[in-house]
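Side chains are part of it too, since the values below use all heavy atoms of this structure and drop only hydrogens, waters and symmetry mates. Here is the naming used below: chain letters follow the sequence lines, and residue numbers restart at 1 for every chain.
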Number of protein chains: 2
Amino acid sequence: MATETEENYIKAIFKITEKNQGTANTNAVAQHLNTSPASVTDMLKRLSEKEYFHYEKYKGVYLTTKGIKLATNLVRKHRLWEVFLVDKLKFQWDEVHDIAEQLEHVDSDELITRLDTFLGNPKYDPHGDPIPNADGKFTLRSQTSLMNLQKGETGIVVGVRNHDTPFLQYLNKICVNLGTKISVVNNIDFDHSKEVSIDDENRVILSQKACVNIYVKKTND
Amino acid sequence: MATETEENYIKAIFKITEKNQGTANTNAVAQHLNTSPASVTDMLKRLSEKEYFHYEKYKGVYLTTKGIKLATNLVRKHRLWEVFLVDKLKFQWDEVHDIAEQLEHVDSDELITRLDTFLGNPKYDPHGDPIPNADGKFTLRSQTSLMNLQKGETGIVVGVRNHDTPFLQYLNKICVNLGTKISVVNNIDFDHSKEVSIDDENRVILSQKACVNIYVKKTND
DNA sequence: TCACATTTTTAGACTAATCTAAATTATAAT
DNA sequence: ATTATAATTTAGATTAGTCTAAAAATGTGA
């Protein structure tokens, strides 16, 4: 069994490699985990001996099958616990990350199997991120950034790109959540912001930055 | 915040002092935690500096108010999670201890408050042990050992003294659980065992050891 | 391609938690 | 009260994970 620290390293490497052509370098890992690059180097040496990833001095790391399996299982556990916290315990989507970060390290396959069943085998977490199944497979979904919706088009919010608390709380305030219907009323060209209507009720101006971070599924209305 | 290890020491000391006139000695703690007495001595020194308990060389320790508060909170968390595992995830009562042992270290007061509400503010865990409230107060219950029931008397199972897996599985097998009705049909004097009827259906012989470890509430039928 | 900046690694040290073996203190029995 | 035994502590070492400061390797721009 991997220690909690080891799990956190592997998860960090997984997240970094996802957005970086399959490799993670020392500094990126250090930044992600809020530790010193020196500590990371030490750890990379030790963990690569345990075959979670390949490590070459000065070249960074890339995960092995074993490492990917561990990482996706952690993602699975994290996201299932987030569903539990929001659906069952009525937390808001901006409050669950830190708690799920702890819960994901609880070690029991049976627990996760049963939790999954209890929650109704959800495919997406409270931020719209896909929950890998027990084999590590993600269910992908056709989605686009709200930025890509033209004037007059409508979509249903299915996810967010940014997970930071302030952004999520802002969305709470303007009543945007998963499942919310958003229609583009006007494109404001000079700063690429959009005037949108939310659930056919409120009209709001969303900045380019906000639009980029909201994923929607286009609808025909 | 206390580390997981620190929490485990304090919980062990709490459990030992509960059955030992308020003090715990080095060997008992070592045995309880499966470590060496030398490690325990080290830890007692360090933890007593953090004011969780008083420690005098060669004399053992007793908890401070701070220590008792931490310990009862851990007990509370452990037992609430056990309720969750049995009531919601449908684990059996003999399967939940190790998982709850991990879950109890997750740090979030809000989580426990919400979990308590979600579970309907249970007063007892799946083994019939009382769940302390947020202030550390236990709800006590009038109960007696099955050993004290006379021929013809009846009781409802409200708890177990022994929590070991084999004992709990044995009770599963003979259909004894919390809420089960047990009537004493005959006392067998020579070995202090009892012939009992279980939920008015099965008749079984329970050894003295089994009877001592089953708590019941007497009923008038 | 050479010098400078950036990234990474090494060296050496620290803390928490553990161990074994040896020394010390307490306890119980004659 | 003395001695044997049991309990406890000390000494010294180990492992995981971390740090800072310094050295080495890599990458980049003129």
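- Between D:dA6 and B:Asn27, no contact under 4.0 Å exists linking OP1 or OP2 to a side-chain N or O.
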(request) Would you check, one step at a time, whether the test side chain to side chain contact (heavy atoms under 4.5 Å, CB included) holds for A:Leu171 with A:Asn177? (result) CA-CA 7 Å; A:Leu171 294 182; A:Asn177 217 296; over 6 Å; no

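- Counting heavy atoms from C-beta on, the side chains of A:His78 and A:His97 come closer than 4.5 Å.
- Taking atom CZ of residue B:Arg46 and atom P of nucleotide C:dC14, one finds them 17 Å apart after rounding to whole Å.
- Nucleic acid contact class of A:Thr26 (heavy atoms, under 4.0 Å, all strands): sugar-phosphate only.
- Looking at heavy atoms from C-beta onward, A:Thr35 lies in side-chain contact with A:Tyr9 at the 4.5 angstrom threshold.
- Taking atom CD of A:Glu56 as the reference point, atom P of C:dT9 lies 11 Å away to the nearest angstrom.
- You'll find the side chain of B:Leu74 stays beyond 4.5 Å of the side chain of B:Phe14, heavy atoms only.
- Dashed line: the shortest gap from a side-chain N or O of A:Tyr55 to OP1 or OP2 of C:dT9 is under 4.0 Å.
- In this structure, B:Ser39 reaches the C:dC19 phosphate: one of its side-chain N or O atoms is under 4.0 Å from OP1 or OP2.
- Among the atoms of the strands shown, base atoms are found under 4.0 Å from some heavy atom of B:Ser36.
- If you measure from atom CD of B:Glu4 to atom C1' of D:dA16, you get 15 Å, rounded to the nearest angstrom.
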(request) Using the salt bridge (charged side-chain N to carboxylate O under 4.0 Å, His left out) rule, take A:Glu7 and A:Lys11 through it: C-alpha gap first, then chi angles, then the decisive distance, then the call. (result) CA-CA 6 Å; A:Glu7 290 191 341; A:Lys11 216 179 72 166; over 6 Å; no

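- At whole-Å resolution of the value, NZ in A:Lys59 and P in D:dG27 are 7 Å apart.
- Which of C:dA21, C:dT10, D:dC19 sits closest to the side chain of B:Ala38 comes down to C:dA21.
- Among the nucleotides C:dT8, C:dA17, D:dT8, the one closest to the side chain of B:Tyr58 is D:dT8.
- Contacts with DNA chain D (heavy atom under 4.0 Å) in residues 5-18 of chain B: none are found.
- In this structure, A:Asp42 reaches the bases: a heavy-atom distance under 4.0 Å links it to at least one base atom across the strands shown.
- In terms of heavy-atom proximity, A:Gly128 sits nearest to A:Leu178 at N-CD1, 3.6 Å.
- Computed from coordinates, the B:Met1 CE to C:dA16 P distance equals 14 Å when rounded to whole Å.
- Under a 3.5 Å cut-off, the side chain of A:Asn133 and the backbone N or O of A:Asp135 do form a donor-acceptor pair.
- Distance, B:Asn34 CG to C:dA17 C1': 15 Å, rounded to whole Å.
- Checking D:dT10, C:dT8, D:dC19 against every side-chain atom of B:Lys57, the shortest atom distance belongs to D:dT10.
- Following rounding to the nearest Å, B:Leu33 (CG) and C:dC19 (C1') show an atom-to-atom distance of 15 Å.
- One atom, CG of A:Asn25, and another, P of D:dA25, lie 19 Å apart when rounded to the nearest Å.
- Ranked by how close their nearest DNA chain D nucleotide is to the 5' end, B:Pro37 and A:Thr3 are led by B:Pro37.
- Annotation: cation-pi geometry satisfied between A:Lys88 and A:Phe118 (NZ/CZ under 6.0 angstrom from ring centroid, within 45° of ring axis).
- A:Lys45 comes within contact range of the sugar-phosphate backbone alone, with a heavy-atom separation under 4.0 Å but no base atom that close.
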